[in-house]
Every structure is written in C-alpha cells, then in structure tokens.
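Shown next, in structure tokens, is the structure this report addresses.
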Amino acid sequence: MANPNSGETILPVLQFSEFPEDVQLCILSFLTPSEISSFACTSKRFLSLCRNDSKLWFSMCDRRWGSTTQITKWGSGMITFKHLYKTLQEYETLIGFWRLSSSQSKIITPNTIPNKPPALVFFEWGPSFITGSRVSPSETGNYDVVKSPFIWMGISPKGEIVNFLQPNSQLQLDSNPIELVVKNHPISTHGSELVSVDVNHLGESHIIIEERVSFGFLRNLNAMNEDSIGIESGSPPDRLTSEMYQYFANRTSPGGERAWRRQRRREKEKHGNKKWDSEHFVKIVNHSPTISRPLQGLWKGICEDASLDFYLVAYDDIGGIACRRIGDSCKPFSSYAPVFWTPNTTFVESPFSYEEEHIYKTREHLLPPGDMLCSGMESVSRILYINSSYDLVIPGLAVPNSVNPHQVEGRIWEYGDGTFGFGFLRDNHIIDLKHIAVDGCLLDAMQPL
C-alpha cells in the first residue's frame, strides 16, 4: 500500500493471530507459566494453543534448556512437557557451586570411622538428570581437582521426583542412573547400596539433603503402640518434647522402666540402620569474577606445604574484599579466619615504584613441579594492598603494640590474563591462584582413584 502524500510504501500491520503457528509458539516460549495462563484467557483459539503440551510447552522447555540437557529423554519421554518445565525450573536453581555448612554431617559406612566429606559440591546438567559432585583438591601435586559424583536427581516415567545418592561417591554409571533406579529397586552396585533422599529448599540459597523415609515406616508410626520406637519429627524441639513426655509417662506406669529402655534400644538400632545423615549446603552465588569485581569467585592455588587448596574471594557491601579457604584443609578453623582482607579495593597502577618491584622480584612463586611462570614485573598489570589481620583495618580492635604491620601486610598482584597471586611481607613466596571453573565448566577435573 502506497502513501498518497509521500509515495512511500506502508507495510500492512499483522495481528498476532495472523502469524504462522511456529512463529506464535516461538514468541510464546519467552513467556512465564503465569503469563501463559493470562494469555490463554484472551480467546478460545489461544486457549487451545496454550493447552497443547507437545507444541507450546515443548517449545518453552526447548528454548530454555534444550542446549544444556535432552528434554525429550527426561522421565523416559513419558511425562508432559508442562510438568517437565515446572520441575526443571526448580532444578535450575541448583546448578552451580554449593558449600557444605552443616557441622554434624558425616558419611556412615560399615566398620569405618565417620569422615568429613569435601566442603565443595558442584551441580550440573546431565542428559536426562541433574548430577551433584563433590569437588576436592587432588593429591597429585598439581592443579587437578577430584570430581566425585554422589547424587543424581531426575523424574520417573510416572512423573515422580527421584533423588538418590551413593554415600562413598565411588559409583560410576555408564547408563541413565534414574532408569537404573526405577527398574531395579533396591539397587546395590559393587557392594554399595544407593540411598533414596529428599532435596529440600530452605530459601533460595540453602538446601538440605536428607534420607527419605519410606511409606512403610510412616504407617508403622501411625500404628505404634507401647513397644514402638517413638515419634520423631524433623524438628529437634518436637522430638525432645515427645521424649520428655514418654519418659515421665513410662516412669509412672507399671513396667515403665523396661519399656523406656526397650524404646531407647530400638531408637539406637533405627539410627544405626541409617545410611546417610542430613547435610546442609549454602549456594556460592558469585563464584566467577566480573569486570567490576575481578578478584571475586572460586580459586585454587598451591600452598606452602606443596598441597592444593581452594579459596573463595568475596566482596562485601561496604566495598571490602575477604578471602577464605574452603574444602579440605589440615588447619583447624581455617575456613573461618580470613586468609587476607582489605577495606580498600583501589589498585595501584603501573609504573610501579622500585620498592614494589623489589618486593615482587625477591619472592618465589609456589607452583607444581615442572610448571613455568613468567615472573617478570611486566606480567603484573596492577597491585592491591592487603592485610591478614582485622586489627589494622577495623578501628577499636587494635591493641597497642600487639601487631607488627610487617607481619600482616601483603600484596595482590593481578596478572594480564585475569588471574592473580598474593603474598605477605613476612614470607618469601607468592601463591598464584587459578580458576576452578570457567563458564560453568569445571577445569582440570579428574575421577577419584
């Protein structure tokens, strides 16, 4: 159509209903489920389109997760894409790094002393499931990290959530682990039984993994009598209240003392049969550096004893930087005390003074055997002043003559490739840090031996 005044061609305006169906589906795939519900109320035709699971909800799943997982294989391809969308939307919040926060968690194995698991966990997409792996420093003397899958999360063909873990993190599965569980229950692989668990969210960045209670056990609780094992809930106060009530009731009833002892003995047997103790995890939201926060994230470096250790560098709300160790460390409370901290994030740009060049050049870089590093000052792009003690930076904490500035003052040397090293004036070495992961992919990962 031509405009009679200007002679320009005016293209006709198409309504949404006039678009081809594949174009409509592409546009609608960017909406949220609540927006889809509102849009479905506009007409009967759009209501029919929004109810089409194999078209609209498939398009929504494929656009959001098609590049990271095989959406047609979840639930063995026997669940609706609408149900899959809601499930993957919840699973998506798990992707990334989490830090073990519960001090009471431990792995229980027969005839062994409970040991503390690695503190770092990495969740990632699988072909038709989510995999959670424990990540720990290797003992090879280099930058390799040990990746030990220990939990798998998926959907059964009936649409039920299926979560299970292998307590020792030694299970290697070649086929779909979710299908393996659904077809063979209970499962024992290489003498190690898989444990069914629940993954419960306590807020956006806190989860708890706990052993799932069977329905048979729940029925036993409902039908329990004086010989039962007693009520136990997930809340410690409720459990203590129940125990107190039963204790005084048994003490005032005939044969109560024997019933109380019998109850306590069965409680110990029940706890002894548990294969897994609950573990709490907190999400590491900012695990990668950004342009405005170049030091932020998870890092790994060779320590003074030639072992590999993990570090978490975080920026606080007042503009400061703090670095703490995470993972396996031989030093008690090392994850609580900061490795270094500074309230000032202003870098010193080049050219550097003679004193700063001398501080850098007279220190040795801690590297794996055989690794080479260009240790010249030209590799340093800028410098940041740090401290290893709060006494020098927080007013009111300093005690006169309690801290020697030379013992706690240090430097961060940022390199041209975005990595950095740090060291203190009291030492004659520099710990160079490298990324643990880049773009959501774990670097230098190896399977447990």
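We're numbering straight along the sequence, starting at 1.
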What I'd like to find out is whether the side chain of [X] reaches to under 4.5 Å of the side chain of [Y], using heavy atoms alone.
X      : Y      : answer
Thr419 : Asp432 : no
Val146 : Val135 : no
Ser148 : Ser133 : no
Phe340 : Phe422 : yes
Glu90  : His201 : yes
Val145 : Leu308 : yes
Thr131 : Phe150 : no
Val195 : Phe164 : no

Query raised in the report: More than 12 heavy atoms of other residues, nucleotides or ligands under 6.0 Å from CD of Glu364: is that the case?
Result: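 No - once you tally the heavy atoms of other residues, nucleotides and ligands closer than 6.0 Å, there are 12 at most.
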Report task. Kindly check if the number of other-residue, nucleotide or ligand heavy atoms within 6.0 Å of CD (Glu204) is above 12? Result ->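 It does not: Glu204 CD has 12 such atoms or fewer within range.
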How close do [X] and [Y] get, heavy atom to heavy atom, and via which atoms?
X      : Y      : value
Glu414 : Pro294 : OE2-CB, 3.7 Å
Pro118 : Leu100 : O-CD2, 4.2 Å
Ile209 : Ile151 : CD1-CD1, 3.9 Å
Asp316 : Gly319 : OD1-N, 3.0 Å
Trp74  : Thr69  : NE1-OG1, 2.9 Å
Trp341 : Ile321 : CD1-O, 3.1 Å

To the nearest 0.5 Å, how far apart are [atom1] in [X] and [atom2] in [Y]?
X      : Y      : atom1 : atom2 : value
Leu28  : Ser59  : CG    : OG    : 8.5 Å
Ile436 : Cys441 : CD1   : SG    : 14.0 Å
Lys86  : Cys61  : NZ    : SG    : 11.5 Å
Asp439 : Ser288 : CG    : OG    : 7.5 Å
Leu88  : Ile71  : CG    : CD1   : 8.0 Å
Ile412 : Ile386 : CD1   : CD1   : 4.5 Å

With distance as the sole criterion, is a donor-acceptor pair present between the side chains of [X] and [Y] under 3.5 Å?
X      : Y      : value
Thr342 : Asn344 : no
Arg426 : Ser388 : yes
Asn286 : Tyr315 : no
Trp57  : Thr80  : no

Sub-3.5 Å donor-acceptor pair from the side chain of [X] to the main-chain atoms of [Y], do we have one?
X      : Y      : answer
Ser38  : Ser34  : yes
His83  : Gly159 : yes
Ser307 : Cys303 : no

Requested in this report: Kindly write out the residues that satisfy side-chain hydrogen bond (donor to acceptor under 3.5 Å, both in side chains) with His206, not counting sequence neighbours, or none if the list is empty.
Outcome: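 Listed in chain order: His280.
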Query raised in the report: With under 30° as parallel and over 60° as perpendicular, where do the rings of Phe16 and Phe46 fit, or are they tilted in between?
Result: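 Ring orientation, 0 to 90° scale: perpendicular.
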Query raised in the report: Ion pair present between Glu356 and Arg411, side-chain N to carboxylate O less than 4.0 angstrom?
Result: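 The answer is yes: the pair qualifies as a salt bridge.
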Requested in this report: Applying side-chain hydrogen bond (donor to acceptor under 3.5 Å, both in side chains) between Lys300 and each of Asp444, Asp309, Asp144, report the one that passes.
Outcome: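 Exactly one pass, corresponding to Asp444.
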Query raised in the report: With respect to Trp299, which candidate in Phe420, Tyr311, Phe310 satisfies the ring-ring contact (aromatic ring centres under 6.0 Å, His included) definition?
Result: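 Single ring-ring contact (aromatic ring centres under 6.0 Å, His included) partner of Trp299 among Phe420, Tyr311, Phe310: Phe420.
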Query - Residue that, paired with Phe97, satisfies ring-ring contact (aromatic ring centres under 6.0 Å, His included) out of Phe122, Phe123, Phe281 - result: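 Of Phe122, Phe123, Phe281, ring-ring contact (aromatic ring centres under 6.0 Å, His included) with Phe97 is met by Phe122 alone.
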Report task. Could you name each residue pair satisfying salt bridge (Lys or Arg N to Asp or Glu O under 4.0 Å) that touches residues 39-68, not counting sequence neighbours? Result ->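 Salt bridge (Lys or Arg N to Asp or Glu O under 4.0 Å) check on residues 39-68 returns Glu21-Lys55, Arg64-Glu92.
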Requested in this report: Apply ring pair (Phe, Tyr, Trp, His ring centres under 6.0 Å) to the pair Tyr91 and Trp125, showing each step before the final yes or no.
Outcome: CA-CA 9 Å; Tyr91 278 171; Trp125 293 105; 7.5 Å; no
Query raised in the report: Under the side chain to side chain contact (heavy atoms under 4.5 Å, CB included) criterion, do Gln296 and Val313 qualify, and how do the steps go?
Result: CA-CA 5 Å; Gln296 171 181 275; Val313 180; 5.6 Å; no
Requested in this report: For ring pair (Phe, Tyr, Trp, His ring centres under 6.0 Å), just list the numbers for Phe424 and His429, CA-CA rounded to whole Å, side-chain angles, deciding distance to a tenth of an Å, and then say yes or no.
Outcome: CA-CA 8 Å; Phe424 299 98; His429 60 259; 8.7 Å; no
